[in-house]
Amino acid sequence: MTALPPPAPPLALLAVTGLEQSFGGVMALAGVSFRVAEGLIYAVIGPNGAGKTTLFNALCGFYRPSAGSIRFADRELLGLPPHRIAACGIGRTFQNLQLFFNMSVVENVMVGCHLRARASLLAAALRLPGVRRQERHLRAWSMEALELCELADRAAQPAGALPYGLMKRVEIARALAAKPRLLLLDEPAAGLNDTETLALRELIARIRASGVTVLLVEHHMPLVMGVSDRLLVLDYGSVLAEGTPADIQADPRVVAAYLGGAVSYAV
Ligand SMILES: Nc1ncnc2c1ncn2[C@@H]1O[C@H](COP(=O)(O)OP(=O)(O)O)[C@@H](O)[C@H]1O
Ligand SMILES: [Mg+2]
């Protein structure tokens, strides 16, 4: 009797293999590999300059890595331009705030749906019925994203009038309005106070519960360790460790390179 083959590992939504990106003499990504299963909150941590933002920019097509592979939902993304990658279902927020302060909150979020918009400029200028219908859809999707971010009551306010913590939420809502399957958040807790950070943690959990896989770059360790299922630790463009929050906190290399000694991350 022949033995059964071992069960296949669960399919990864995102599988990054051997990713390399250099700037002049700096290897910002020196052969990075990792896999993210669908439905996870997966964090990427590491000291400043470790290559976290470069990784996001490579995943989104803003940079063209010189080697490696980025498979997302069984498609190769390497070499695709940013708008094609976004259309495949990857959304992101930026480390620095990118809002139109004079526009209303809901208009800022509607900007995120432009990928789904099909109307030509001429049709839009003539205000044809199809365009009005489409705008109604975009507004509905944007309001849905604002509800998830608990910002629906702010929809009509100018984005520039919101406190900083809520502005950062508008960016998350904008990324969600494009209905991504994978959402990349680059340092969403930067500049937030403790209450806002706790609310962010709940929001990230709600986003996952809504069916979106989350890739999170963040320095706030209680948030990262409390909300993530798995973590990738980058150091000088290489993977230092990968595992559950408990694995990572117990890894002496990570503690030495990044976490420092005698710190508790229980939340
Ligand atoms: N556009 C760029 N041009 C030149 N060097 C860059 C660029 N982006 C990042 N780097 C360099 O790549 C390394 C990784 O940077 P980055 O990905 O921003 O790190 P992190 O987000 O982990 O702090 C750093 O040494 C940084 O100076
Ligand atoms: Mg960064």
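If you read the sequence from its start, that first residue is 1, and numbering goes on from there. Both ligands and their constituent atoms are indexed starting at 1 by order of listing.
Residue Ala50 has at least one nitrogen or oxygen atom sitting less than 3.5 Å from a nitrogen or oxygen atom of ligand 1, judged on distance alone. Any N or O atom pair closer than 3.5 Å counts here, and Gly49 shares at least one such pair with ligand 1.
Atom 27 (O) of ligand 1 is not flagged as protein-proximal [any protein heavy atom, distance under 4.0 Å].
The shortest side-chain heavy-atom distance between Leu14 and Phe34 falls under the 4.5 Å cut-off. Leu183 is not listed as a side-chain neighbour of Thr213, based on a closest heavy-atom distance of 4.5 Å or more. Side chains of Ile207 and Ile172 form a contact here, defined as non-hydrogen atoms less than 4.5 Å apart. At a threshold of 4.5 Å between non-hydrogen side-chain atoms, the residues Arg181 and Leu13 count as touching. Counting heavy atoms from C-beta on, the side chains of Glu187 and Phe94 never come closer than 4.5 Å. Contact of the Met110 side chain with the Trp141 side chain is not registered, since no non-hydrogen atoms from C-beta on lie closer than 4.5 Å. Side-chain atoms of Pro188 and Leu216, non-hydrogen and from C-beta on, do get closer than 4.5 Å to each other. Residues Leu97 and Glu171 have side chains in contact (heavy-atom distance under 4.5 Å, counting atoms from C-beta outward).
With respect to atom 18 (O) of ligand 1, the closest heavy atom belonging to the protein is Thr53 CB, 3.8 Å. Atom 25 (O) of ligand 1 has as its closest protein heavy atom Val26 CG1, 3.7 Å. Of the protein's heavy atoms, Tyr63 OH, 3.2 Å lies nearest to atom 1 (N) of ligand 1. What sits closest to atom 11 (C) of ligand 1 on the protein, heavy atoms only, is Phe23 CD1, 3.9 Å. The nearest protein atom to atom 17 (O) of ligand 1, hydrogens excluded, is given as Thr54 OG1, 2.5 Å; this is a heavy-atom distance. The protein heavy atom nearest to atom 12 (O) of ligand 1 is Ala28 CB, 3.4 Å.
Assignment of Gly51 to the shell around ligand 1 is supported, since a heavy atom sits closer than 4.0 Å.
When distances to the Mg ion (ligand 2) are checked against a cut-off of 2.8 Å, Thr53 contributes an N, O or S atom below that limit.
Close approach of ligand 1 to Asn48 is summarised as follows: ligand atoms under 4.0 Å from at least one heavy atom of the residue are 23 (O).
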